[in-house]
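Worksheet: the structure to be examined is printed underneath.
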Amino acid sequence: MPRPLRVAVVGSGPSGLYAADALASQEALPLEVDVIERLPVPFGLVRYGVAPDHLSIRSVRDTLDKVLDRPGVRFVGNVRVGTDITVTDLHGCFDAVVWTYGASGDRRLGIPGEDLAGSVAATDFVAWYCGHPDADRTLFEDLVPKATGVVVVGIGNVAVDVTRVLAKTVPELDHTDMPQHVLDALGRSQVTDIHVLGRRGPAQATFTTKELRELGELAEADILVDPADLVLDPASQSIVDSDKAVARNLEVMRGWADRVPEGRPRRIHLRFFARPVELRGTEGVQAVVVERTRLTVDGGAEGTGELHEIAANVVVRSVGYRGTALDEVPFDSQRSVIPHVDGRVQRDGAAVPGEYVAGWIKRGPTGIIGTNKKDATATVASLLEDAAAGLLPEPASPDSADFDALLARRGVEVVTTAGWRRIDAAERARGAARGRDRTTIHAAADLLSEARP
Ligand code: NAP
C-alpha cells in the first residue's frame with residue numbers, strides 16, 4: 001500500500017475548503033489534506049467578510065464545515081506560515097502545497113488626508129463588525145458612536161454592506177452573530193447621513209441588484225438618488241441594453257429617484273460621478289472634497305475640476321481588497337497575486353510541480369463565493385495531474401506525525417478539528433443564551449481557551 005499523498009492547503013476560506021473537498025473527493029490516490037489556518041477558526045471571509053445580516057450567504061459555512069469531517073482532512077488552526085513554520089518546512093512535510101490565503105489587505109486612495117483619524121479601510125471596519133480577532137476594538141468602539149456624517153468611497157458590494165450595517169437599527173441586526181460589543185457600539189451611533197460615492201456611473205457600478213435593493217428597505221433610512229446621475233450616455237446605455245443585471249440595478253435606482261423622502265432619521269445618498277480628492281480636518285476628518293467626474297472613451301473616469309465639500313467625520317474607503325506577499329512565495333506586486341499557470345505556481349517564469357494556488361490570491365479579489373469552487377477544483381486538477389505523472393518532489397518527512405511534532409517543537413498551540421468543534425459549540429451556547437443561533441467569540445485568547453478539551 002503506497003503512503004498517502006500529503007497536501008497542505010494554506011487558508012481555510014472558501015477556496016481552501018473547496019480545494020480540500022476536491023482533493024478528498026478523488027478516489028485515484030490515498031490522500032491526506034491538512035488545512036492550515038493562521039486563526040483558531042476556519043472559514044476566512046465567510047466568517048469575517050460576509051455581512052452578519054446576510055444569513056443565507058453565511059450559511060455556506062455549514063457546507064464548508066462538512067469538508068472538515070471528510071476522511072483524510074484535518075483542520076490545523078492557529079498556525080502562521082512565515083512565523084510558526086516556514087515555506088521550506090511545508091515542502092519538507094508535504095508533497096504539495098496549495099496557497100489559498102486570500103487577499104486580506106486593503107487598497108489605498110492615494111489622496112491627501114487619507115490617514116487622518118476617522119478615515120478607515122472597509123476591510124478593517126468589516127473585520128470589526130464580524131468579530132475578527134485582529135480587529136481594532138478601541139478604534140471602532142470610539143469612532144462608531146461619534147459618527148454623524150459618513151462618506152463611503154466605492155460602489156461595490158462591500159460598500160453596500162458597510163452602508164447597510166451603518167444605516168440599520170439594532171433591532172435589524174440583533175438576530176445576527178455579531179459580538180455584543182459591536183451591537184452596543186452600533187446602537188450608540190448617531191449617524192444621520194451616509195454618502196456613497198461612485199467615481200463612475202450607475203451602469204459601471206459593481207454592486208449586485210439583491211444587495212442594492214436592500215438599501216431601500218431599511219427601517220430608519222431614506223435613500224436618495226439624483227435623477228440626473230441616472231441619465232445615461234450612449235456607452236452606458238449599451239451596457240444596460242446588453243446586461244440584464246445592470247438593467248435591473250438601473251430600474252431599482254430609478255424607483256428610488258422618484259421617491260419622496262419620508263423624513264427618516266438616517267439618509268443614504270447614493271452618488272455617482274463623484275470621486276474624493278482630499279480629506280480635510282485638523283484633529284480628524286471633518287470634510288471630504290469631492291470632484292465631479294465624467295466617463296472617458298475607454299470607460300474610465302476623469303475629473304472635471306468641479307469641486308464641492310461633503311461634511312463627514314468618518315470616511316470608509318471601500319475600494320477593494322488586496323493580496324499580500326508571503327516570504328519565500330513568488331508574488332506579482334503589480335496585480336497583488338501569486339503568478340501561476342493553470343493553478344501551478346510560477347517560479348522564475350516556470351510552473352513548479354508541488355506548489356499551487358487558488359482563490360483570491362490566484363485571481364484577485366473578485367467573484368462570489370461559488371466562483372472559488374470552480375477555481376479551486378481547476379487547481380486541484382493540475383495538482384492531481386502532476387501527482388499522476390510522478391512530478392511531485394519527494395518530501396523529507398512525509399508523515400503527519402512528523403509535521404505535528406515539528407509544530408509541537410515550535411511551541412504552537414494547534415487548534416484541531418475537534419478544537420474548532422468545541423469553539424463552535426461555545427458560540428452556539430452564547431447565542432442561545434440571547435435567543436440567537438450564535439454569537440461570535442472575537443478574542444483570540446477566548447477562542448483558544450474554548451478550543452481546549
Ligand atoms: P469591487 O466590487 O471591486 O468594488 C470596488 C469599488 O471601489 C468600485 O466601485 C471601484 O470603482 C471603486 N474604486 C476603486 N479604486 C477607487 C479609487 N481610487 N477611488 C474611488 N473609487 C475606487 O470590490 P468590493 O466591493 O471590495 O468586493 C470584492 C468582491 O467581493 C466582489 O467580487 C464582490 O461582489 C464580492 N462581495 C460580494 C458580496 C455579496 O455577494 N453579497 C458581498 C461583499 C463582497 P471602479 O469600478 O470605478 O474601479
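Both ligands and their constituent atoms are indexed starting at 1 by order of listing.
Within the 3.5 Å criterion, the main-chain N or O of Arg107 finds no donor-acceptor partner in the side chain of Arg317. At distances below 3.5 Å, at least one donor-acceptor pair connects side-chain atoms of Asp222 with backbone N or O atoms of Gly263.
Between Arg428 and Asp424 there is a salt bridge, since a side-chain N of the basic residue sits under 4.0 Å from a carboxylate O of the acidic one. The existence of a salt bridge linking Asp161 and Arg164 is confirmed by a sub-4.0 Å separation between a basic side-chain nitrogen and an acidic carboxylate oxygen. Comment: Arg292 engages Asp229 in a salt bridge, judged by a side-chain N to carboxylate O separation of less than 4.0 angstrom. Using a cut-off of 4.0 Å between Lys/Arg side-chain N and Asp/Glu carboxylate O, Arg344 and Glu385 are scored as salt-bridged. Between Arg438 and Glu427, at least one side-chain nitrogen of the basic residue sits less than 4.0 Å from a carboxylate oxygen of the acidic one, meeting the salt-bridge criterion. A salt bridge links Asp177 with Arg58: the distance from a Lys NZ or Arg NE/NH1/NH2 to an Asp or Glu carboxylate oxygen falls below 4.0 Å.
Each of the following atoms of ligand 1 lies closer than 4.0 Å to a heavy atom of Gly156: 2 (O), 4 (O), 9 (O), 25 (O). Below 4.0 Å from some heavy atom of Gly367 lie the following atoms of ligand 1, by number and element: 32 (O), 35 (C). Of all atoms in ligand 1, listed by their number and element, those nearer than 4.0 Å to a heavy atom of Thr366 are 32 (O). If you number the atoms of ligand 1 from 1 as listed, the ones under 4.0 Å from a heavy atom of Glu211 come out as 39 (C), 40 (O), 41 (N). For ligand 1, the atoms lying closer than 4.0 Å to a non-hydrogen atom of Ile57 are 41 (N). For ligand 1 and Pro365, the ligand atoms under 4.0 Å from any heavy atom of the residue are 28 (C), 29 (C).
At the top of the distance list for atom 24 (P) of ligand 1, counting protein heavy atoms only, stands Val158 CG2, 3.6 Å. Nearest protein heavy-atom neighbour of atom 46 (O) of ligand 1: Arg200 NH2, 2.9 Å. Nearest protein neighbour of atom 7 (O) of ligand 1, counting heavy atoms only, is Val319 CA, 3.3 Å. At the top of the distance list for atom 18 (N) of ligand 1, counting protein heavy atoms only, stands Arg199 NH1, 3.5 Å. Protein heavy atom closest to atom 4 (O) of ligand 1, with residue, atom name and distance, is Thr206 OG1, 3.3 Å. Summary of contacts: the protein heavy atom closest to atom 19 (N) of ligand 1 is Leu109 CD2, 3.7 Å. The protein non-hydrogen atom at the shortest distance from atom 30 (O) of ligand 1 is Trp360 CZ2, 3.6 Å. If you check which protein heavy atom lies closest to atom 34 (O) of ligand 1, you get Asn157 ND2, 3.2 Å.
With sequence neighbours left out, the ring pair (Phe, Tyr, Trp, His ring centres under 6.0 Å) criterion links His195 to His269.
At a 4.0 Å heavy-atom cut-off, ligand 1 touches Ser318 through the backbone alone. Under 4.0 angstrom from ligand 1, there are no non-hydrogen atoms of Val160. Within the 4.0 Å heavy-atom criterion, the part of Asp161 lying near ligand 1 is the side chain and not the backbone. When heavy-atom distances to ligand 1 are checked against a 4.0 Å cut-off, Val153 comes that close only through its side chain, counted from C-beta outward.
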Side chain to side chain contact (heavy atoms under 4.5 Å, CB included), that's the test. Do Gln180 and Thr439 meet it? Break it down for me. CA-CA 8 Å; Gln180 192 59 45; Thr439 291; 5.6 Å; no
Please evaluate residues Arg38 and Asp134 with respect to the criterion salt bridge (Lys or Arg N to Asp or Glu O under 4.0 Å), reporting the C-alpha separation (whole Å), side-chain torsions for both, the decisive distance (0.1 Å), and the verdict. CA-CA 11 Å; Arg38 77 179 180 92; Asp134 297 346; 3.0 Å; yes
Going through the checks in order, is the side chain to side chain contact (heavy atoms under 4.5 Å, CB included) test met by Glu355 and Ile338? CA-CA 11 Å; Glu355 202 172 9; Ile338 295 176; over 6 Å; no
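Under a 4.0 Å heavy-atom criterion, Ile155 is in contact with ligand 1.
For atom 16 (C) of ligand 1, a protein heavy-atom neighbour is present inside the 4.0 Å cut-off.
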